[in-house]
Amino acid sequence: MAYWLFKTEPGCFSFDDLKARPNMTEPWDGVRNYQARNFLRDRIKPGDRVLFYHSNIPEPAVVGIAEVVRGGYPDSTAMNPAGEHFDPKASPENPIWYMVDVRYGEPLPRPVSLEQIKGNPLLAEMPLVKRSRLSVLPVTADEWRIILIMGGAEPK
DNA sequence: GCCAACGTTGGC
DNA sequence: GCCAACGTTGGC
């Protein structure tokens, strides 16, 4: 079982949007970065835990937890010419892009802001801090536990 | 809204 | 295969 951090712009898809469908799976689609694609396709498995992170807002922060319920499978939005995530090079034989399904877990009692994360020396090595542009990032078990504690949640 | 970081594209 | 130009991300 592995830990990840998924970024989203809340204006596009927020943690509350996920919360609105607590018993349903949601496709995590539209990722168009090869490094993130490799994680989605090869590494992210059902049962993995996800820190749900809101970006591109005045105070970016980890706001909650989600769970992976389906591992990497072809991202069909790349093959929809009418959609904004269309990639003419993608095909059923060569999907190029992949997505996973997630399910709502629980909110953090207190969101953990990027500022707090940057201020914690134990979190200085997180790719979130060092390579801030990647949208799907690995998280270590220690980092997971620390962020949950900072957010006032029981680390589990 | 600005701009730095950085991934991608395309000319050569 | 290099690298300049360009586009996107995302913090501020």
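Throughout, protein chains are lettered first and strands after them, A, B, ... in sequence-line order, and every chain is numbered starting at 1. Keep in mind the model is a prediction, meaning the values are calculated, not measured.
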Which residues pass the salt bridge (charged side-chain N to carboxylate O under 4.0 Å, His left out) test with Asp142(A), sequence neighbours left out?
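So Asp142(A) forms a salt bridge (charged side-chain N to carboxylate O under 4.0 Å, His left out) with Arg145(A).
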
Once you round it to whole Å, what is the distance between [atom2] of [N] and [atom1] of [X]?
X         : N       : atom1 : atom2 : result
Leu137(A) : dG11(C) : CG    : P     : 11 Å
Tyr53(A)  : dG10(C) : OH    : C1'   : 8 Å
Leu134(A) : dT9(C)  : CG    : C1'   : 11 Å

Kindly calculate the angle separating the two end axes of the helix from dG1(B)-dC12(C) to dC12(B)-dG1(C), each obtained from five base pairs, and round it to 10 degrees.
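Inter-axis angle at the ends, rounded: 10°.
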
My understanding is that only residues two or more places apart in sequence, or in another chain, count here; which of them pass side-chain hydrogen bond (donor to acceptor under 3.5 Å, both in side chains) with Arg110(A)?
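Arg110(A): no side-chain hydrogen bond (donor to acceptor under 3.5 Å, both in side chains) contacts found.
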
Report the residue from Trp4(A), Trp97(A), Phe52(A) that forms a ring-ring contact (aromatic ring centres under 6.0 Å, His included) with Trp28(A).
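So, applying the ring-ring contact (aromatic ring centres under 6.0 Å, His included) to Trp28(A) and each of Trp4(A), Trp97(A), Phe52(A), only Phe52(A) qualifies.
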
Would you say Lys7(A)'s side chain and Leu134(A)'s backbone share a donor-acceptor pair under 3.5 angstrom?
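Flag set: sc Lys7(A) to bb Leu134(A) pair under 3.5 Å.
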
Ignoring hydrogens and geometry, is there a side-chain-to-backbone donor-acceptor pair from Thr8(A) to Phe13(A) under 3.5 Å?
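Yes; judged by distance alone, with no hydrogens or angles, the pair exists.
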
Would you tabulate the nitrogen or oxygen pairs shorter than 3.5 Å linking the protein to nucleotides 1-8 of chain C?
residue, atom, partner, partner atom, Å
dT8(C), O2, Arg133(A), NH2, 2.9

Residues in side-chain contact (heavy atoms from CB on, under 4.5 Å) contact with [X], at least two apart in sequence or another chain:
X         : result
Ala153(A) : Leu108(A), Pro109(A), Leu148(A)
Glu9(A)   : Cys12(A), Ser55(A), Asn56(A)
Ile96(A)  : Tyr34(A), Arg37(A), Asp87(A), Lys89(A), Ala90(A), Asn94(A)
Glu143(A) : Leu123(A), Met126(A), Val139(A), Thr140(A)

Less than 4.0 angstrom from a charged side-chain N to a carboxylate O is my criterion; do Glu125(A) and Lys130(A) meet it?
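Judged by the 4.0 Å cut-off on N to carboxylate O distance, Glu125(A) and Lys130(A) do form a salt bridge.
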
Name every donor-acceptor pair, under 3.5 Å, that has one atom in a side chain of residues 62-84 of chain A and the other anywhere in the protein, sequence neighbours excluded.
residue, atom, partner, partner atom, Å
Tyr73(A), OH, Asp101(A), OD1, 2.5
Tyr73(A), OH, Asp101(A), OD2, 3.4
Asp75(A), OD1, Thr77(A), N, 2.9
Asp75(A), OD1, Thr77(A), OG1, 2.6
Asp75(A), OD2, Gly30(A), N, 2.8
Asp75(A), OD2, Arg32(A), NH1, 3.0
Asp75(A), OD2, Arg32(A), NH2, 3.4
Asp75(A), OD2, Thr77(A), OG1, 3.3
Thr77(A), OG1, Arg32(A), NH2, 3.1
Asn80(A), OD1, Ala82(A), N, 3.0

Just N and O in the side chain of Lys7(A): are any of them under 4.0 Å from OP1 or OP2 of dG10(C)?
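True: Lys7(A) side-chain N/O within range (under 4.0 Å) of dG10(C) OP1/OP2.
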
Could you say whether Asn56(A) or Tyr34(A) is positioned toward the 5' end of DNA chain B, judged by the nucleotide with the nearest heavy atom to each?
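It is Asn56(A) whose nearest nucleotide is closer to the 5' end.
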
Under 4.0 Å, heavy atom to any atom of DNA chain C: which of residues 114-121 of chain A qualify?
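Nucleic-acid contacts, sorted: Leu114(A), Lys118(A).
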
Near-strand residues of residues 88-97 of chain A, defined as heavy-atom separation under 4.0 angstrom from DNA chain C:
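Per residue number, the list is empty: none.
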
Within residues 137-156 of chain A or reaching into it, pairs that qualify as ring-ring contact (aromatic ring centres under 6.0 Å, His included) - sequence neighbours excluded
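Residue pairs with at least one partner in residues 137-156 of chain A: Tyr3(A)-Trp144(A).
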
Nearest-0.5 Å distance that lies between atom CG in Leu40(A) and atom CE in Met99(A)
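Taking CG in Leu40(A) and CE in Met99(A), the distance rounds to 10.5 Å.
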
